[in-house]
Amino acid sequence: MTGRIEDRREEWDGPVPVPTGATAPFWAGTLEGELRYQACDCGHRQLYPRAVCTACGAEDPPFEASEGVGTIYTYTVCHVPGEPGFAERTPYVVGAIDLAEGPRLLALLDAEPDDLEIGAAVGVRFWQVSEDAAIPVFVPE
Amino acid sequence: MAEPILAGVAESDLGETPDRNWLDNAAVATVRALEDAGCSLDEVDGVAVAGGDDYMPALVLSEYLDLDEPSFLEGTEIGGSSFEHFCGHVRDAMARDEADVVVVAYGSTSKTGPGRDQSLEETHPIDGFVRPTGLFRPPGAYAMAARRHMHEYGTTEEQLAEVAVATREWAAMNPKAAQREPITVDDVLESREIAEPFNLLDCCLVSDGGGAVVLVSEEKAAELGVPEIAVAGVASTSTHRQDVSEMPDMTTTGAAVTGPKAFDQAGITHDDVDVAEIYDSFTYTALVTLEDLGFCEKGEGGEFVSGGTTAPGGELPMNTQGGGLSYCHPGHFGVFVLIEAARQLRGDYEGDRQVDDAEVAVAHGTGGLLSSSSTVVLRRES
């Protein structure tokens with residue numbers, strides 16, 4: 001499955017990911033609308049991308065494409081911006097998302113706070129914020 | 001095993017110290033703590049520092065104080081719990097006769113100084129996930145953990161607020177506390193929204209300042225004639241670092257591991273604890289730590305802190321100097337929980353500020369984003 005990519009390069013003032021080393025395949029995937037996680041031959045699945053598998057120690061665990069769906073583990077509504085470029089966005093929602101495949105990641109939730117609850121289903125979208133990366137953003141399913 | 005004696009404690013000036021840098025504050029706290037112990041700089045043979053705006057803080061403070069070839073040096077950085085963590089290393093060093101007088105020091109200019117060095121954040125692979133979310137850290141990270149706790153256990157914003165209200169009651173009796181006006185649960189709930197479910201009064205202060213404690217060997221303590229406040233138990237751990245998404249369970253902290261270990265070492269149970277100094281970077285931090293240390297069942301922290309349990313006159317006096325929520329919070333609050341625990345055990349205070357006949361205190365530090373936990377049990381030897 002691929003997630004929709006929205007070009008936000010013009011309007012984005014926030015930090016942008018810098019693909020490097022183990023994270024490069026992840027960010028390359030985002031430009032294709034694909035949310036990738038590391039799926040080691042031992043069966044362990046992990047994000048953020050690392051040079052080693054945290055279960056068996058294998059180096060460079062391979063990437064697989066996620067279905068891009070998951071549930072909200074928790075979230076907060078930010079009234080104070082934590083990074084430059086977010087001032088005009090407040091309030092905005094940041095969540096910890098449990099992907100169906102297992103890994104959990106922090107991401108913006110593009111939703112009205114009142115519409116959110118823990119455990120709710122969400123799906124991924126991508127906001128392209130630079131030439132090199134599109135950040136995963138989740139919306140209620 | 002021989003137990004280090006907490007012989008002296010002190011703060012530097014707190015609040016705003018625009019004419020002093022972190023090192024000045026750490027050094028001022030150190031000389032005041034030495035004076036409190038009746039000990040001279042010449043006698044110091046060990047130094048442990050964390051959190052200074054320098055990547056070799058133990059070397060910098062040793063030079064600044066012109067220490068003569070210190071034999072014990074510590075600079076392990078595990079955030080706000082570093083100072084509790086140091087107590088274990090000091091114990092080990094003293095057991096090997098490596099040191100007799102160790103200063104554990106902290107200083108910062110969190111409020112008036114330049115912004116914190118962000119280099120660590122910019123070099124970690126998770127940054128590409130976390131920083132583009134704009135999450136205001138640490139409040140937003142702790143807020144997400146608090147939200148999960150509310151979801152799993154029915155903890156309410158009112159219960160979180162109870163922690164702030166009780167802490168302010170203690171602060172009202174502390175002339176050094178930055179915030180001393182009484183507050184109500186409604187005041188907390190109506191204060192400015194920061195990161196839901198946290199309002200401003202759920203969050204710690206931002207202060208300049210420093211603190212230091214002097215740990216000495218039992219032989220040195222006898223020589224100095226100080227009250228024997230012994231480090232009777234110490235344990236540390238971590239669950240994650242850079243982001244709470246890596247925290248295995250946001251409703252349980254490392255205190256669930258360190259509490260039982262430290263209590264076992266000290267040979268105490270919860271009933272023995274007279275006073276608790278529990279890191280309160282946020283209301284939730286203290287609430288979840290009380291659960292994890294076992295003062296109540298998991299999930300019952302909200303109920304436990306309600307109705308003044310931790311306030312003056314309550315069943316478990318906690319954060320009796322006003323905590324990070326109302327007294328001061330220069331960034332790494334862990335040194336201040338040790339300072340206050342020692343003062344309570346020495347019986348330094350008068351009236352309601354003093355916990356009656358306090359013999360056993362728990363000092364607990366938390367660091368990072370709920371990432372590290374260190375528990376110290378202090379006991380006054382009779």
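In the text below, chain A, chain B and the rest are named by the order of the sequence lines, each starting its count at 1. For clarity, every value in this text was computed on a predicted model and none was experimentally measured.
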### Message
Using heavy-atom distances under 4.5 Å, tell me whether A:Ile118 contacts chain B through its side chain, its backbone, both, or neither.
### Response
both
#### Entry: No-hydrogen, no-angle side-chain donor-acceptor test under 3.5 Å, A:Thr76 and B:Glu196
no
### Message
So A:Leu109 and A:Val122, do their side chains get closer than 4.5 Å, heavy atoms only?
### Response
yes
### Query
So, do B:Tyr279 and B:His364 have ring centers that fall under 6.0 Å from each other?
no
### Task
Kindly assign one of parallel, tilted or perpendicular to the pair A:Tyr92 and A:Phe86, based on the angle between their ring planes and the thresholds 30° and 60°.
tilted
#### Entry: Option that, when pairs with chain B are counted at under 4.5 Å, heavy atom only, ranks first among A:Val77, A:Thr23, A:Val18
A:Val77
### Message
Heavy-atom pairs under 4.5 Å with chain B - which of A:Val129, A:Val93, A:Asp98, A:Leu108 has more of them than the others?
### Response
A:Leu108
### Task
Measure distances from A:Arg50 to the heavy atoms of chain B and classify the residue's part below 4.5 Å as side chain, backbone, both or neither.
side chain
### Message
Tell me whether A:Arg4 forms a cation-pi arrangement with A:Phe126, defined as NZ or CZ under 6.0 Å from the six-membered ring centre and within 45 degrees of its axis.
### Response
no
### Query
Taking the inter-plane angle between the rings of A:Trp12 and A:Trp127 on a 0 to 90° scale, is it parallel (under 30°), tilted (30 to 60°) or perpendicular (over 60°)?
perpendicular
### Query
Would you say the ring centroid of A:Tyr48 lies under 6.0 angstrom from that of B:His124?
yes
### Query
Is the B:Phe282-B:Phe198 ring centre distance short of 6.0 angstrom?
yes
### Query
Can you pull out the residues in residues 245-254 of chain B with any heavy atom less than 4.5 Å from chain A?
B:Ser245, B:Glu246, B:Met247, B:Pro248, B:Asp249, B:Met250
### Query
Which region of A:Pro49, side chain (C-beta onward) or backbone (N, CA, C, O), has a non-hydrogen atom less than 4.5 Å from a non-hydrogen atom of chain B, or is it both or neither?
both
